[in-house]
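It should be emphasised that the depicted structure is a prediction, and the values quoted were computed from it without experimental measurement. Both counts, for ligands and for their atoms, begin at 1 and track the order of listing. When a residue number appears, it is its place in the shown sequence, counting from 1.
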Amino acid sequence: MGKTVLITGACINTGVAIVEKFASEGYNVVFTGRNMEKVHAKEKEYRESFPNVEIFGYHIDSLIDERTVDEASVEKLFADIDARGLLADTLVLNAADQGLGMKVFENPLTDMMKVINTNVVWNFCLSEHAARRMKENGGGNIVFVNSNTAYRAIPDRVAYVASKGGQLGLMRALALDLGKYNIRVNAVLPGMIKTDRWEKNPDFYANVPSRFTPIGDVAVGEDIADAVYYFAAHARNTTGAELVVDGGNTIQLYPIIPE
Ligand SMILES: NC(=O)c1ccc[n+]([C@@H]2O[C@H](COP(=O)([O-])OP(=O)(O)OC[C@H]3O[C@@H](n4cnc5c(N)ncnc54)[C@H](OP(=O)(O)O)[C@@H]3O)[C@@H](O)[C@H]2O)c1
């Protein structure tokens, strides 16, 4: 049957690089996105690029509404994977609600709930369903694509920053509770990643302080994919660990902006 990875949020940006990394290493891939047409288009593209592995796309949204995680759709996703005779021995939790432009005094409480529900509660739900199967099959591993904002806050992103901090706690708690089933749980903490948002808004990204890292550049999707793959495929004695991939951004007190 070979190894299979389930990767969330993989029709765009970092998720695409993660799919490409695992598929090129011979993993079967199940990936998710929210839009059915985009998922089908991406599935076709991935299958053409990687004809030697099985690749399936699912369209799934984390929520029924801001207050309610769609647990039934997670159950259906895993039942469909089972029906195809696949076992996701690696789960990569990449999808995230970015919670952009959130003002402490202006946004309704449901905006906080929406982000926390997607980034923490939905990821717990996916982890639980995946781990149940991994446990029956002798082990597996879960990798969170977290963020260095779990360590250091950024402005107007209160829900996102809180959710990424919560994710790290979730990662450690799962690592502790699932270790006895040979299930490892780890987190990659990117700093800024070059995504399609850089192309859409080059002036903003030319001057954003977090692009000025000690090594002088930010990550591309492949850098994050390599770190995720390291946890999944190589780090056999590592669980509950964090790997920061941010060009050294978090170690600075402030960015040194070149003259
Ligand atoms: N970009 C950065 O600079 C940066 C920095 C630090 C950490 N990170 C982390 O790295 C990961 C990938 O970042 P990215 O910038 O590549 O992400 P992105 O471009 O914002 O894509 C996020 C993915 O999450 C999916 N998603 C969003 N809300 C969802 C929901 N309610 N239910 C289900 N899926 C949902 C999206 O699905 P659709 O395709 O259907 O929209 C999309 O595929 C995220 O966890 C992010 O927090 C990113």
Side-chain angles (χ1 to χ4, degrees), residues 6-21 31-43 57-71 73-74 77 91-101 110-111 113-123 125-126 142-154 157 159-168 170-171 187-201 204-205 208-211 213 217-225 227-228 242-247 249-250:
L6 169 58
I7 303 167
T8 62
C11 287
I12 52 168
N13 294 330
T14 314
V16 173
I18 300 172
V19 168
E20 290 173 348
K21 175 68 184 171
F31 70 94
T32 78
R34 284 176 296 181
N35 178 291
M36 195 192 313
E37 280 169 23
K38 284 187 192 161
V39 168
H40 284 156
K42 212 65 205 169
E43 181 185 72
Y58 281 84
H59 66 101
I60 184 169
D61 196 310
S62 58
L63 305 178
I64 294 169
D65 57 41
E66 296 95 330
R67 297 167 194 262
T68 322
V69 170
D70 189 354
E71 189 178 6
S73 72
V74 173
L77 164 65
L91 169 65
V92 180
L93 297 161
N94 170 71
D97 186 324
Q98 300 285 344
L100 295 172
T110 45
D111 286 353
M113 291 176 179
K114 176 173 166 286
V115 176
I116 300 285
N117 274 334
T118 294
N119 297 357
V120 181
V121 184
W122 188 56
N123 279 339
C125 186
L126 288 158
I142 299 170
V143 185
F144 284 83
V145 182
N146 188 257
S147 168
N148 63 359
T149 59
Y151 295 160
R152 305 261 193 281
I154 50 175
R157 301 283 292 277
Y160 179 80
V161 171
S163 77
K164 291 295 182 178
Q167 258 186 20
L168 278 193
L170 174 61
M171 180 275 290
V188 174
L189 283 70
M192 190 154 261
I193 309 167
K194 275 186 187 143
T195 62
D196 62 353
R197 291 187 287 277
W198 282 64
E199 288 143 39
K200 290 176 189 157
N201 204 350
F204 171 79
Y205 285 104
V208 70
S210 48
R211 72 166 295 180
T213 67
D217 204 358
V218 302
V220 293
E222 289 76 8
D223 299 317
I224 309 309
V228 169
E242 297 154 25
L243 177 52
V244 181
V245 184
D246 72 348
N249 213 24
T250 325

Participant: Looking only at protein heavy atoms, identify the closest one to atom 20 (O) of ligand 1 and say how far it is in Å.
Facilitator: Gln98 NE2, 3.0 Å

Participant: Is there a side-chain contact between Glu66 and Asn117 (heavy atoms, below 4.5 Å)?
Facilitator: no

Participant: For atom 21 (O) of ligand 1, tell me which residue out of Ile12, Asn117, Thr149 has the closest non-hydrogen atom.
Facilitator: Ile12

Participant: With heavy atoms under 4.0 Å as the rule, classify the contact between Thr14 and ligand 1 as side chain, backbone, both or neither.
Facilitator: both

Participant: In terms of atom number and element, which parts of ligand 1 are under 4.0 angstrom from non-hydrogen atoms of Asp61?
Facilitator: 30 (C), 31 (N), 32 (N)

Participant: How about NZ on Lys114, more than 12 heavy atoms from neighbouring residues, nucleotides or ligands closer than 6.0 Å, or not?
Facilitator: no

Participant: Check each atom of ligand 1 against the heavy atoms of Trp122 and keep those under 4.0 Å away; list them by number with element.
Facilitator: 33 (C)

Participant: Mark up the atoms of ligand 1 that fall under 4.0 Å of a heavy atom belonging to Asn146, in ascending order.
Facilitator: 7 (C), 8 (N), 9 (C)

Participant: Considering both backbone and side-chain atoms of Arg34, is one of its nitrogen or oxygen atoms within less than 3.5 Å of a nitrogen or oxygen in ligand 1?
Facilitator: yes

Participant: Could you tell me whether the side chain of Thr8 and the main chain of Asn94 form a donor-acceptor pair under 3.5 Å?
Facilitator: yes

Participant: Any sub-3.5 Å donor-acceptor pair from Thr32's side-chain atoms to Gly9's backbone N or O?
Facilitator: yes

Participant: Taking the non-hydrogen atoms of Lys38, is any one of them nearer than 4.0 angstrom to ligand 1?
Facilitator: no

Participant: Just which atoms of ligand 1 are under 4.0 Å from any heavy atom in Asn94?
Facilitator: 11 (C), 12 (C), 44 (C), 45 (O)

Participant: Has Arg157 got a side-chain atom pairing as donor or acceptor with Gln98's backbone, closer than 3.5 angstrom?
Facilitator: yes

Participant: Is there a heavy atom in Phe144 that sits closer than 4.0 Å to ligand 1?
Facilitator: no

Participant: Quick one: do Tyr58 and Leu6 satisfy side chain to side chain contact (heavy atoms under 4.5 Å, CB included)? Show the steps, please.
Facilitator: CA-CA 10 Å; Tyr58 281 84; Leu6 169 58; over 6 Å; no

Participant: I'd like to know whether ligand 1 has Val145 as a neighbour, heavy-atom separation below 4.0 Å.
Facilitator: yes

Participant: Please verify whether a non-hydrogen atom of Lys114 lies at under 4.0 Å from ligand 1.
Facilitator: no

Participant: For Met192, take its heavy atoms, then give the atoms of ligand 1 lying under 4.0 Å from any of them.
Facilitator: 3 (O)

Participant: Does the residue Gly191 have a heavy-atom contact with ligand 1, meaning some pair of atoms that are separated by less than 4.0 Å?
Facilitator: yes

Participant: Over all heavy atoms of both residues, which pair between Gly33 and Cys11 is shortest? Give the atoms and the distance, please.
Facilitator: CA-SG, 4.1 Å

Participant: What is the nearest protein non-hydrogen atom to atom 1 (N) of ligand 1, stated with its residue, atom name and distance?
Facilitator: Arg197 NH2, 3.2 Å

Participant: Testing Thr118, Leu63, Asp111, Ile116 for side-chain contact (heavy atoms from CB on, under 4.5 Å) with Asp97, which one passes?
Facilitator: Thr118

Participant: Heavy atom under 4.0 Å from ligand 1: found in Ile60's side chain, backbone, both, or neither?
Facilitator: backbone

Participant: Specify the protein heavy atom at minimum distance from atom 22 (C) of ligand 1: its residue, its atom name, and the distance to 0.1 Å.
Facilitator: Ala96 O, 4.0 Å

Participant: Hey, is the main chain of Lys164 close enough, under 3.5 Å, to the side chain of Asn119 for a donor-acceptor pair?
Facilitator: no

Participant: Within a distance under 4.0 Å of any heavy atom of Asn13, pick out the atoms of ligand 1 and give their elements.
Facilitator: 16 (O), 19 (O)

Participant: Without swapping roles, check the side chain of Trp122 against the backbone of Ala96 for a donor-acceptor pair under 3.5 Å.
Facilitator: no

Participant: Compare Val228, Ile193, Asp246 and give the one whose heavy atom is closest to atom 4 (C) of ligand 1.
Facilitator: Ile193

Participant: With a cut-off of 4.0 Å, which atoms of ligand 1 are near a heavy atom of Thr195?
Facilitator: 1 (N), 15 (O)

Participant: Nearest to atom 32 (N) of ligand 1, what protein heavy atom do you find, and at what distance?
Facilitator: Ser62 N, 3.0 Å

Participant: With only distance considered, is Tyr160 within less than 3.5 Å of ligand 1 through an N or O on each side?
Facilitator: yes

Participant: To which protein heavy atom is atom 25 (C) of ligand 1 closest, and what is the distance rounded to 0.1 Å?
Facilitator: Ala95 CB, 3.6 Å

Participant: List the atom of Phe31, the atom of Val39, and the distance in Å for their closest heavy-atom pair.
Facilitator: CZ-O, 3.6 Å

Participant: Determine whether Ile142 and Leu126 make a side-chain contact, defined as any pair of heavy atoms from C-beta on separated by less than 4.5 Å.
Facilitator: no

Participant: Which ligand 1 atoms does Lys164 reach within 4.0 Å, using its non-hydrogen atoms?
Facilitator: 45 (O), 46 (C), 47 (O)

Participant: Tell me if a side-chain donor or acceptor on Arg211 pairs with a main-chain N or O of Met192 at a distance below 3.5 Å.
Facilitator: no

Participant: Taking C-beta and beyond as the side chain, do Asp246 and Leu189 meet within less than 4.5 Å on heavy atoms?
Facilitator: no

